Undergrad: 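What follows is a structure written as structure tokens; I'll ask about it next.
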Amino acid sequence: MDVERKLEILADAAKYDASCASSGTEQRDSSDGKGLGSTAPGMGICHSYAPDGRCISLLKVLLTNACNYDCLYCVNRASSNVRRARFTVDEVVKLTLDFYRRNYIEGLFLSSGIIRSADYTMEQVVSVARKLREQHHFRGYIHLKTIPEADDALIAEAGKYADRLSINIEMPEETSLAKFAPEKDVRAIRRTMGRLRLKLDEAAEARATKTKPPRFAPAGQSTQMIVGADSASDNTILKTSANLYGAYRLKRVYYSAFSPIPDASRALPLIAPPLVREHRLYQADWLMRFYGFDVGEIVDGTASGMLPLDIDPKLAWALRHRERFPLDVNRASREELLRVPGFGRKAVDRIIATRRISAIRTADLARLHIPRNKALPFIVLSDHRPSARLLDAEGLAERFKPKATQLGFGF
């Protein structure tokens, strides 16, 4: 099989892994004439998005889609009837360098099916990164998917060459993982996450004391959960995420809506969950990480434990807690402002900077990039105060829901 055909198969097989953003690593470049590539921001065939909105292009492939494991939700499972392919280490290295020189990519995201053993697979993955860094002096971004059952020495070596490491926890509940992926062990996954955190903490402590630390995955570790393959509620998923952030200091938890696969098991749902559910989970995740919300606050008052699909989680929280509003924008604390619908972190920083000079008025909202219709019912400005009747009205929620549209026939 030629390399082009392998790339077609193995790039397609890698598309289900969402955890491939390339933010947070150290800055490197080759402007001194040594090495190749850089991690400099600003360049926009996989498009990933950093937390600041930058578009990053990565070569996203599997080393092979052959796998010893038979995870029911995976299109590359051992029992799946799909075309198999396998790159050699040198083929992946050459593809990465050639694509970079053509300005197609800024880095590499490499994963693999489990072949022979976890150690053998991990050694192959690490060999790609080692050759890129040591033989070709590649300074671009490298993200490696790690194998939890692999030897600690291999995981440590992966962190030496990679910018980010990730281990997919796959399912929010241990019982679901045992049902859908019997060969995987959630304890092994969490144990490896814990070891990664210890190594990352050691590197951080060395940097804090201004000693040169051993290089270890400067962009940290991430994971991914599949949404909608089992019956786990959004509440369960977010609680698992909060635990992972707290226990292992993950940079990101990615949510991937389940996609029906060919010849699927009867244990799997027949249809995919609505993509907006994935979107709402990301919004809720942002509220936990950057807006000071607790999981219990985000899903409180929802008997089903599910986030509403028609409005965003912050607006849903505000509508459930109208007693906290209206909020005086010119006096409220930063923590209070972050809870106002329509107020992002940058907008809140601009509000605090502006009100030191002058009182904020309704006309200032556009300049501060704040959506008026969403924010005005919940705030007090120097020239605006919402009526108590508006804030207490039963139909206030309907004001924010998308309007129904007539479906056409497409001709």
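Keep in mind that this is a model prediction, so the values were computed, not measured. Values below: all heavy atoms of this structure, side chains included; hydrogens, waters and symmetry mates excluded.
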Undergrad: Between Asp349 and Arg334, is there a salt bridge with N-O shorter than 4.0 Å?
TA: yes
Undergrad: For the residue pair Phe109 and Tyr141, is the inter-centroid distance of their aromatic rings smaller than 6.0 Å?
TA: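 Not under 6.0 Å, so no.
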Undergrad: Would you call Arg215 and Asp163 a salt bridge, using N to O less than 4.0 angstrom?
TA: yes
Undergrad: Can a salt bridge be assigned to the pair Asp201 and Arg197 using a cut-off of 4.0 Å between side-chain N and carboxylate O?
TA: yes
Undergrad: Quick one: does any side-chain atom of Arg133 pair with a main-chain N or O of Tyr161 as donor and acceptor, under 3.5 Å?
TA: yes
Undergrad: Against Ser112, only a single residue in Asn65, Ile147, Thr64, Leu10 fulfils side chain to side chain contact (heavy atoms under 4.5 Å, CB included); can you say which?
TA: Thr64
Undergrad: Below 4.0 angstrom, N of the basic side chain to O of the carboxylate: do Arg86 and Glu91 qualify?
TA: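 Glu91 and Arg86: not salt-bridged.
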Undergrad: For Thr209 and Glu205, which I'm curious about, is there any donor-acceptor pair between the side chains at under 3.5 Å?
TA: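 Result is no, nothing qualifies.
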Undergrad: If you measure from the Lys or Arg side-chain nitrogens to the Asp or Glu carboxylate oxygens, is any gap between Arg361 and Asp364 under 4.0 Å?
TA: no
Undergrad: Please answer whether the main-chain N or O of Tyr248 pairs with a side-chain N or O of Arg190 as donor and acceptor at a distance below 3.5 Å.
TA: no
Undergrad: Charged N to carboxylate O under 4.0 angstrom, Arg252 versus Asp285?
TA: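 Answer for the salt bridge query: no.
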Undergrad: When rounded to the nearest 0.5 angstrom, what is the spacing between OG in Ser166 and NE2 in His143?
TA: 2.5 Å
Undergrad: So which atom in Gly228 and which in Phe258 form the shortest heavy-atom distance, rounded to 0.1 Å?
TA: C-CB, 3.9 Å
Undergrad: Would you call Asp234 and Arg280 a salt bridge, taking side-chain N to carboxylate O under 4.0 Å as the test?
TA: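 A salt bridge is absent here (no side-chain N lies under 4.0 Å from a carboxylate O).
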Undergrad: Please determine if Asp230 and Lys179 form a salt bridge, counting it only when a charged side-chain N lies under 4.0 Å from a carboxylate O.
TA: no
Undergrad: Hey, are Arg187 and Asp185 close enough for a salt bridge, meaning a charged N less than 4.0 Å from a carboxylate O?
TA: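 So Arg187 pairs with Asp185 through a salt bridge.
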Undergrad: Determine yes or no for a side-chain-to-main-chain donor-acceptor pair under 3.5 angstrom, with Lys314 supplying the side chain and Leu338 the backbone.
TA: yes
